[in-house]
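Both backbone and side-chain heavy atoms feed into the values below; hydrogens, waters and symmetry mates do not.
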Amino acid sequence: MTAIADHPASTSAGGGPAASAGFVALDEQWSTHNYHPLPVVIAHAEGAWVTDVEGRSYLDFLAGYSALNFGHRHPDLVAAAVAQLGRVTLTSRAFHHDQLGLFCRELAELTGTEMVLPMNSGAEAVESAIKVARKWAYQVKGVPEGTAEIVVAGSNFHGRTTTIVSFSTDESARADFGPFTPGFAVVKFGDAEALAGAITDRTAAVLIEPIQGEAGVVVPPAGYLAEVRRICDENNVLLIADEIQSGLARTGDLLALDHDGVRADLYTLGKALGGGILPVSAVVGSQAVLGVLRPGEHGSTFGGNPLACAVGRAVVRLLATGEFQERSRELGGYLHGRLGELIGRGVAEVRGRGLWAGVEITPGGPAGRVASEALARRGVLCKETQDSTLRVAPPLVITREEIDKGVDAIAEVVAN
Ligand SMILES: *Cc1c(COP(=O)(O)O)cnc(C)c1O
């Protein structure tokens, strides 16, 4: 125990079963208990594979909830980070630097938008979009000061800040964290009529995940997102698409909304935007909306820092080739075909798009947590969301053979 605490790395190579247990115990004692991770202690990772402190390797079927779309340590992304580490990493926004404008231009061009507000975490991007939408409502739409409303969907996941959990419908995300921020109306996801009914002349925006990840990779009914766009247009309301998990090639297109031919006024991006190397998030949209922010009204010390911008630029370059979107489309079709074979054999339903699937375990089968642990023992890492859903979101560099390995393990685990 003392040896591990003093020299965690010294036990990494072939450290024996005690090595993992020692690190888990350290986390238990010294890190807050706001997560319940699987008892796998990762020491190394490359592409779609990770290796634990005891030298066992695992296929990554989760990809950091889509933060690792390009796999672990993609050489282009690591090279961009290393090169920038040798130049300048942080300036604060008190000064200009030579990566910010290029990052913003390249990301705007990639996403077909005009302006970029760079932040760090996903929750910050969502917070920023909320602030921008409120300011737009007062300054442009003419909503009376202090009364703007934002309509959101039930079972949403937009992050963990006090304002964001104020409109969560997940009790464990909210309990004991009030008082809550007012100004949000929650309607059923997938129900356009309910959404239309919640719009008032004070509504600034509709904030929605095009596919709800945390809720279990829930795809809305066909036509819903186009209908949401139409309702927003009719009522002079902004559409904010939270594409932090669904965006950047995960679904087989650059943005999940692209499948529906729908454009949002603001997109929140995060997770894969940092290439799995560091937190990088952004709000992207039109000048007419993002242009409402003036100096001093919003910011972040690390938002748009040179290192983040350099990595973000390398991410944009990877996405600009279309290769990852293509892989997600093709291999996603294969993944969904293979998972579909499990329906009636321990799986009740498979949802999702591209290399992204919510696998609903048949009632009476293993709990999601038990299934995740059993998968880890078989060398496949994924994680339950809700109680009975396995969220499958492998890195987009995964191969067919690796998908087979993962699906075969799921088949074994859910069959009993
Ligand atoms: C992960 C996620 C967030 C929050 O991102 P953090 O970087 O964890 O703050 C927000 N929205 C969606 C849809 C997400 O999946």
Side-chain angles (χ1 to χ4, degrees), residues 67 69-70 73-136 138-140 159 161 238 240-244 247-248 254-255 264-321:
N69 280 0
F70 314 101
R73 301 189 305 113
H74 188 289
D76 293 10
L77 303 181
V78 170
V82 168
Q84 192 60 39
L85 279 169
R87 297 179 61 229
V88 56
T89 54
L90 188 72
T91 59
S92 86
R93 293 292 302 276
F95 314 107
H96 293 273
H97 64 77
D98 62 9
Q99 296 297 306
L100 178 70
L102 293 170
F103 169 59
C104 292
R105 180 176 76 187
E106 289 156 10
L107 181 60
E109 284 173 355
L110 180 77
T111 54
T113 57
E114 297 170 345
M115 226 175 209
V116 173
L117 168 57
M119 298 294 285
N120 309 285
S121 68
E124 282 177 305
V126 173
E127 285 275 348
S128 304
I130 290 168
K131 288 174 72 176
V132 167
R134 284 178 169 182
K135 183 151 195 229
W136 174 87
Y138 302 133
Q139 300 244 317
V140 179
T161 64
L238 300 178
I240 307 172
D242 183 347
E243 296 250 18
I244 290 168
L248 308 187
L254 182 70
L255 300 162
D265 298 289
L266 296 175
Y267 294 91
T268 54
L269 303 173
K271 292 204 166 93
L273 191 58
I277 294 181
L278 76 175
V280 184
S281 70
V283 186
V284 302
S286 65
Q287 288 204 25
V289 180
L290 283 169
V292 299
L293 288 180
R294 310 305 313 160
E297 293 175 352
H298 189 61
S300 158
T301 303
F302 282 85
N305 70 74
L307 183 59
C309 289
V311 171
R313 292 183 68 200
V315 165
V316 169
R317 281 195 291 275
L318 291 182
L319 289 167
T321 67

Which pair of non-hydrogen atoms, one from Phe103 and one from Pro118, has the smallest distance, and what is that distance? CE2-CB, 4.4 Å
Applying side-chain contact (heavy atoms from CB on, under 4.5 Å) between Val283 and each of Val289, Leu266, Val116, report the one that passes. Leu266
Side chains of Leu110 and Glu106, heavy atoms from C-beta outward: is any pair under 4.5 Å? no
Distance-minimising heavy-atom pair for Ala314 and Asp76: CB-O, 4.2 Å
side-chain contact (heavy atoms from CB on, under 4.5 Å) between Lys135 and His298, worked out: CA-CA 11 Å; Lys135 183 151 195 229; His298 189 61; over 6 Å; no
Start with the C-alpha gap between Ile240 and Ile130, add the side-chain angles, then the distance that decides, and say whether side-chain contact (heavy atoms from CB on, under 4.5 Å) holds. CA-CA 9 Å; Ile240 307 172; Ile130 290 168; 5.6 Å; no
Looking only at non-hydrogen atoms, find the nearest pair between Gln99 and Cys309 and report the distance. CB-CB, 3.6 Å
Going by heavy atoms in the side chains, are Arg313 and Leu102 under 4.5 Å from each other? yes
With the side chain counted from C-beta on, respond yes when Leu319 and Asn69 share a heavy-atom pair under 4.5 Å apart, and no when they do not. no
When rounded to the nearest 0.5 angstrom, what distance separates CG in Asn120 from CG in Leu273? 11.0 Å
Stepwise, does the side-chain contact (heavy atoms from CB on, under 4.5 Å) test hold for Ile277 with Leu307? CA-CA 10 Å; Ile277 294 181; Leu307 183 59; over 6 Å; no
Close side-chain approach of Thr91 to Leu100, heavy-atom, < 4.5 Å: no
Measuring from atom SG of Cys104 to atom CD of Glu114, what distance do you get when rounded to the nearest 0.5 angstrom? 13.5 Å
CG/Leu238 to CH2/Trp136 distance, rounded to the nearest 0.5 angstrom? 4.0 Å
Are the side chains of Pro279 and Glu124 in touch, meaning some heavy atoms are under 4.5 Å apart? no
Apply side-chain contact (heavy atoms from CB on, under 4.5 Å) to residues Leu269 and Leu107 and explain how you reach the verdict. CA-CA 10 Å; Leu269 303 173; Leu107 181 60; 4.1 Å; yes
Closest heavy-atom contact between Ala282 and Ala125? O-CB, 3.9 Å
Distance-minimising heavy-atom pair for Gly291 and Met115: N-SD, 3.9 Å
Just how far is it from atom OG1 of Thr268 to atom CD1 of Ile244, taken to the nearest 0.5 Å? 4.0 Å
Search all heavy atoms of Gly122 against all heavy atoms of Ser281 and return the closest pair with its distance. N-CB, 4.1 Å
Taking the side chain as every heavy atom from C-beta outward, state whether Arg87 and Pro306 have any atom pair closer than 4.5 Å. no
If I take atom CG from residue Leu254 and atom CD from residue Glu243, how far apart are they, to the nearest 0.5 angstrom? 8.0 Å
If we only count heavy atoms from C-beta on, is the Thr89 to Asn305 side-chain gap below 4.5 Å? no
Residue pair Thr111 / Tyr267, side-chain heavy-atom distance below 4.5 Å: no
CD on Glu127 to CE on Met119, rounded to 0.5 Å: 8.5 Å
